[in-house]
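Here is the structure we will look at, set down as structure tokens.
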Amino acid sequence: MKIRLVDGPNWIKFAPLSLTRPVSELRTGFFTNTQRYKAFLPYVEISFETEKYLQNVYKNSTENAIIIPSNIIPNTDFVIALSSLKVGERLYLNNILLASYGTNFTDSQEELRIEFLGDTPIILEERWQLFEKNEAICKQDFELLTLNKSSAKISETNTIIGDKSKIFLEENAKIEASILNTNEGYIYLAKNSEIMEGCLIRGSLMMQENAQLKMGTKVYGANSIGPFCKVGGEINNVIFQGYSNKGHDGFLGNSLIGEWCNLGADTNTSNLKNNYGKVKTYSYENVKEIQTDVTFMGLTMGDHSKCGINTMFNTASVVGVSSVLFSGGFFSKHIPSFSWGENEKYNFEKAIIDIESMMQRRGEKLSPEQIKVLRFIFDNY
């Protein structure tokens with residue numbers, strides 16, 4: 001099967017996280033959508049239709065494919081329906097077009113219209129829905145990941161509250177002397193991930209390969225921790241895309257953290273206004289703050305951004321890509337990409353050197369195409 005994941009005009013709604021990747025590459029639950037389709041369909045061939053400046057990194061080479069909006073979180077019924085489509089057919093949920101086999105998203109002939117009758121997939125419309133809907137996505141991913149599989153043994157040094165079957169450890173995953181509560185969610189540890197001693201965890205918690213919770217971390221769901229992330233302090237309903245660090249004390253709630261980010265010791269984020277009202281947050285689509293219908297919203301931080309020790313973020317703050325923040329007080333709620341502090345521009349060449357210094361510690365480096373992406377962001381966002 002060939003699939004083309006299409007961003008469309010809603011791509012910008014997920015910025016700054018989507019400034020460096022297609023929407024289908026955003027992590028929710030355990031997977032990105034690209035990984036999720038491959039988990040359902042191991043031999044699927046996937047390509048991307050995204051912004052022009054991203055297209056050299058994320059290729060669009062699949063012809064005669066099933067075209068799917070990248071903001072749909074596939075479930076079992078949806079994948080079964082995709083597998084049954086014939087060339088020219090389009091899959092609808094009421095009047096929402098979910099997929100089109102080999103043709104563009106245009107009005108279909110009635111005889112080629114297929115109505116979707118299964119369990120409705122989750123569709124993400126705004127960036128904050130990544131954490132708002134993460135609990136439901138964690139449940140779905142846990143069921144997919146554990147189907148017909150058995151967990152590795154859980155150490156008897158841990159205290160388990162709730163259903164032990166809602167905890168799953170892959171090979172070489174470690175948990176010692178921690179409290180694990182599954183009454184409200186699931187706990188999944190990929191291989192070589194680790195929960196150190198003294199952690200207090202309420203599911204759901206999804207940990208990717210080589211992710212780590214530092215000693216005494218407090219976690220309540222739903223949280224997704226991408227590969228090679230190191231997390232400490234207190235987190236509530238947070239998604240770390242990957243390779244990012246929050247290794248020390250401080251509160252982070254209802255937040256989205258990109259790749260290769262670092263939060264200094266005692267970084268704290270407000271996720272609730274003092275008057276308990278609905279929050280305003282910066283929109284890259286509108287190029288200004290917009291009113292939302294959300295009460296809880298913390299920090300959204302784009303890839304490669306960092307903040308110093310004792311940093312404080314206002315409710316619903318947005319930090320762009322590759323910014324370095326240091327201050328004794330609160331920052332503005334929107335920090336553009338490539339900011340040095342709050343009022344200066346980060347030198348591009350120095351930023352690339354600093355980015356590669358961090359990546360080299362994990363044996364990674366920027367490709368020429370990725371540097372071009374960062375240059376576009378530097379010039380435009």
Hydrogens and angles aside, do [X] and [Y] bring a side-chain donor and acceptor to less than 3.5 Å of each other?
| X | Y | value |
| --- | --- | --- |
| Glu342 | Ser332 | yes |
| Tyr346 | Asp354 | yes |
| Ser70 | Asp7 | yes |
| Glu234 | Tyr220 | yes |
| Asp303 | Thr20 | yes |

Parallel under 30°, tilted from 30 to 60°, perpendicular over 60°: which one fits the rings of [X] and [Y]?
| X | Y | value |
| --- | --- | --- |
| Trp11 | Tyr53 | perpendicular |
| Tyr186 | Phe142 | tilted |
| Phe338 | Phe348 | tilted |

Quick check: closest heavy atoms across Ala136 and Ile122, and the distance to 0.1 Å?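 For Ala136 versus Ile122, the nearest heavy atoms are CB-CD1, 3.8 Å.
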Do Lys345 and Phe378 meet the cation-pi criteria used here (NZ or CZ under 6.0 Å from the six-membered ring centre, within 45° of the axis)?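 Verdict for Phe378: a cation-pi partner in Lys345.
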Relative to Tyr92, does Arg113 satisfy both conditions: NZ or CZ under 6.0 angstrom from the six-membered ring centre, and within 45 degrees of the ring's axis?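 Flagged: Arg113 positioned over aromatic ring of Tyr92.
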Tell me if a side-chain donor or acceptor on Ser204 pairs with a main-chain N or O of Ala222 at a distance below 3.5 Å.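 Not confirmed, Ser204 side chain does not pair with Ala222 backbone.
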With a 4.5 Å heavy-atom cut-off, do Met1 and Tyr43 have their side chains touching?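 A side-chain contact under 4.5 Å is absent here.
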Do Cys138 and Ser224 have side chains that get closer than 4.5 Å, going by heavy atoms?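 Yes, side chains in contact.
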Taking atom CD1 of Ile239 and atom CG of Leu130, what is their separation to the nearest 0.5 Å?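 Answer for the CD1-CG pair, Ile239 versus Leu130, is 5.0 Å.
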Is it true that Glu125 and Lys13 have a side-chain N and a carboxylate O under 4.0 angstrom from each other?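 No, no charged N to carboxylate O under 4.0 Å.
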